[in-house]
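The structure under discussion appears below in the form of structure tokens.
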Amino acid sequence: MTAETILASLHLSLPEVILAVGALFMLMVGVFTGEKPGVATWLAIVILAISGAVLIWQTGDGTAYNGVFVSDAFGRFMKVLTLGGSIVAIFMSAGQARLTGIDKFEYPVLLVLATLGMLLMISASDLIAVYLGLELQSLALYVVAAINRDNLRSTEAGLKYFVLGALSSGMLLYGMSLVYGFTGHTGFTEIAAALSSEGRSLGLVFGLVFVLAGVAFKISAVPFHMWTPDVYEGAPTPVTAFFAAAPKVAAMAMLIRIVVTPFQPIFADWQQIVVFISIASMLLGSFAAIGQRNIKRLMAYSSIGHMGYALVGLASGSMAGIRGVLIYMLVYVVMTLGTFACIMAMRMKDGEARENVDDLSGLSQTNPFMATVITVMMFSLAGIPPLAGFFAKYFVFMAAIEAHLYALAIIGVLGSVVGAYYYLRVVKVMWFDEPKGEFARPSGSLKLVYGLSGLFVLAYVLIGGPIGTAAEVAARTFF
């Protein structure tokens, strides 16, 4: 590579460069100033915000580093969403650090590094680049899950996540090696060209299955969901909020780019796999959550179900389907962060955290505003009109119908009906049961997050037009 191409590549990947340099700077600040997590937290928010501003300002498309990194409208949309999720999750954790045992300066540094890995995953245009980005994200998240070393549940969550994550990484690598072996390429465009000219072989399909299995683990899709409930419940709540938002967006973006770019010539093969994973995720997410009493485990199964709904749009393989997935992920992130802000506010006046659904009994009498926001979030997660969650499901189901995937759309609607039961149970407990006690006054940061999230969900019908337009521009990247 010449000096000119290196400079051009650095320009296209400037947001990632800012995060990498920023993370190293934060690490040095933490080492030389002692453990002051407050300073590191606000530094992380500033660095992520600067990266996001550069991303929005930068409009150039192209490839960098000999084609392994791509900058396009799709990548920008998903990166802005990922950075937004990371910023909000870190902002929420600022006032919760001491209470949840994550008051270490390494915590925000690890989240910035994980976000850097996510951005690299979104822009990766080569199998090796995908793996490097994925591992950068995963290694940081393994540590973050177990960062509260004095808590047995947090340590167990980190260990489970690490063991199962290593298994999924192995499956992904094995699949990539098969794809390379049968096509002779690791670049996405070269793989697509090889498949178009030579056709597919049985070995390549096996490779595709293993690659999709590895990615399905990262989005908590069935049957690779088994880590999700335990890690969500065991990890500190601010960490769980982060897990539930930004990494899901990055993994979904990576999955879309992998199936739509290199494997587009064998659409019929990967469509069957995506349809199966989607149906299994929707059904398990709907039925397994019914018996959950811990609200973090309930949100884990809810997350599994929502990834199934998002995959309905991907299964259609059309521009409308990809647009639906992008809108779905945006709405999902807002709903999830708003709900987790409310869960973080479930803390008694003596500082004890509460996590059971029954602990919300009579919340409408003790904190009407928070009860109203949770009600809006539950209705939106259930897909009840005219809230944002309804429109998110509408777009992916319509894309499936246009692609003649009628059975998939019908199963999705039926899954939504079943899922509404456990969301409505939370609402019933808050509004119709007698109070068991009163939570402590929530911090200003939590109030701000769940207030704005509730407002977005309610007002989506008014502001959905520009969001849909941006999602359409991003989806057009592949068509």
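These numbers were taken from a predicted model, which means no experiment stands behind them. The residues of the chain are indexed from 1 along the displayed sequence.
Within the 4.5 Å cutoff, side-chain heavy atoms of Ile467 are placed close to those of Phe456. Between Ser416 and Met282 there is no side-chain heavy-atom pair separated by less than 4.5 Å. Between Met346 and Met370 there is a side-chain heavy-atom pair separated by less than 4.5 Å. Using a 4.5 Å cut-off on side-chain heavy atoms (C-beta onward), Lys79 and Pro15 make no contact. No side-chain heavy atom of Val331 sits less than 4.5 Å from a side-chain heavy atom of Val334. Counting heavy atoms from C-beta on, the side chains of Ser51 and Leu119 come closer than 4.5 Å. Contact check for Met335 versus Ser453: no side-chain heavy atoms found under the 4.5 Å cut-off. You'll find the side chain of Ser303 stays beyond 4.5 Å of the side chain of Thr336, heavy atoms only.
Listed by chain and number, the residues in a salt bridge (charged side-chain N to carboxylate O under 4.0 Å, His left out) with Glu156 are Lys160 (sequence neighbours excluded). With sequence neighbours excluded, the residues that form a salt bridge (charged side-chain N to carboxylate O under 4.0 Å, His left out) with Glu472 are Arg323, Arg476. For the ring-ring contact (aromatic ring centres under 6.0 Å, His included) test, no residue two or more places apart in sequence or in another chain qualifies with Phe224. Under the rule for a salt bridge (charged side-chain N to carboxylate O under 4.0 Å, His left out), Glu402 has no partner lying at least two apart in sequence or in another chain.
With a 6.0 Å radius and a threshold of 12 heavy atoms from other residues, nucleotides or ligands, Phe25 has its CZ atom at or below the threshold. Arg153 CZ: more than 12 foreign heavy atoms inside a 6.0 Å radius. The environment of CZ in Phe287 is sparse: at most 12 heavy-atom neighbours from other residues, nucleotides or ligands sit within 6.0 Å.
Close placement of the Phe478 and Phe74 rings is indicated, their centers lying within 6.0 Å of each other. Two rings, from Tyr423 and Phe379, have their centers 6.0 Å or more apart.
Considering Leu381, Leu360, Thr375 as possible partners of Val426, the one that fulfils the side chain to side chain contact (heavy atoms under 4.5 Å, CB included) test is Leu360.
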Requested in this report: Before giving the answer on side-chain contact (heavy atoms from CB on, under 4.5 Å), spell out for Phe91 and Leu448 the whole-Å C-alpha distance, their side-chain angles and the decisive distance to 0.1 Å.
Outcome: CA-CA 10 Å; Phe91 177 67; Leu448 180 64; 4.0 Å; yes
Report task. Using the ring pair (Phe, Tyr, Trp, His ring centres under 6.0 Å) rule, take Phe369 and Tyr450 through it: C-alpha gap first, then chi angles, then the decisive distance, then the call. Result -> CA-CA 10 Å; Phe369 177 63; Tyr450 66 65; 5.8 Å; yes
**Report entry** Check against side-chain contact (heavy atoms from CB on, under 4.5 Å), Ile279 and Val222
**Finding:** CA-CA 9 Å; Ile279 292 172; Val222 177; over 6 Å; no
Report task. Apply salt bridge (charged side-chain N to carboxylate O under 4.0 Å, His left out) to the pair Arg257 and Asp72, showing each step before the final yes or no. Result -> CA-CA 11 Å; Arg257 201 182 286 279; Asp72 52 27; 2.9 Å; yes
Query - Working for side-chain contact (heavy atoms from CB on, under 4.5 Å), residues Ile327 and Tyr460 - result: CA-CA 11 Å; Ile327 294 171; Tyr460 184 83; 3.3 Å; yes
Report task. Begin with the C-alpha distance, continue with both residues' side-chain angles, and end with the deciding distance and a verdict on side-chain contact (heavy atoms from CB on, under 4.5 Å) for Phe242 and Ser93. Result -> CA-CA 9 Å; Phe242 183 80; Ser93 69; over 6 Å; no
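Note on ring orientation: taking the six-membered ring where Trp is involved, the planes of Tyr161 and Trp227 are parallel (angle under 30°, cut-offs 30° and 60°). Ring geometry, Tyr332 versus His306: the interplanar angle falls from 30° to 60°, so the pair is classed tilted. The aromatic rings of Tyr309 and Phe397 sit perpendicular to each other, their planes meeting at more than 60°, with 30° as the lower class boundary. Ring planes of Phe340 and Tyr232: perpendicular class, angle over 60° (limits at 30 and 60°).
When atom types are taken as modelled, the side chain of Ser220 and the backbone of Ile304 share no donor-acceptor pair closer than 3.5 angstrom.
Applying the salt bridge (Lys or Arg N to Asp or Glu O under 4.0 Å) rule to pairs touching residues 366-376 yields nothing, sequence neighbours excluded. Annotation: ring pair (Phe, Tyr, Trp, His ring centres under 6.0 Å) contacts involving residues 425-449, sequence neighbours excluded, are absent.
When all heavy atoms are compared, the tightest approach of Val357 to Val429 is O-CG1, 3.5 Å. Residue Gly389 comes nearest to Ser380 through the heavy atom pair N-OG, 2.9 Å, listed as atom of the first residue, atom of the second, then distance. Shown here for Gly85 and Val333, the closest heavy-atom pair between the two residues is CA-CG1, 4.3 Å.
The CD1 atom of Ile45 lies 6.5 Å from the CD1 atom of Ile90; values are rounded to the nearest 0.5 Å. Arg297 CZ to Asn356 CG: the interatomic distance, rounded to the nearest 0.5 Å, is 11.5 Å. Put simply, CE on Met344 and OG on Ser445 are 8.5 Å apart, with the number rounded to the nearest 0.5 Å. Once rounded to the nearest 0.5 Å, the distance linking CZ of Arg425 with CE of Met430 reads 12.0 Å. Rounded to the nearest 0.5 Å, atoms OG1 (Thr240) and CD1 (Ile343) are 8.5 Å apart. Rounding to the nearest 0.5 angstrom, the gap separating the CE atom in Met378 from the OG atom in Ser302 is 7.0 Å.
Lys296 and Glu233 are not joined by a salt bridge, as no carboxylate oxygen comes within less than 4.0 angstrom of a charged side-chain nitrogen. Here Asp61 pairs with Arg76 in a salt bridge; the nearest charged N to carboxylate O distance falls below 4.0 Å.
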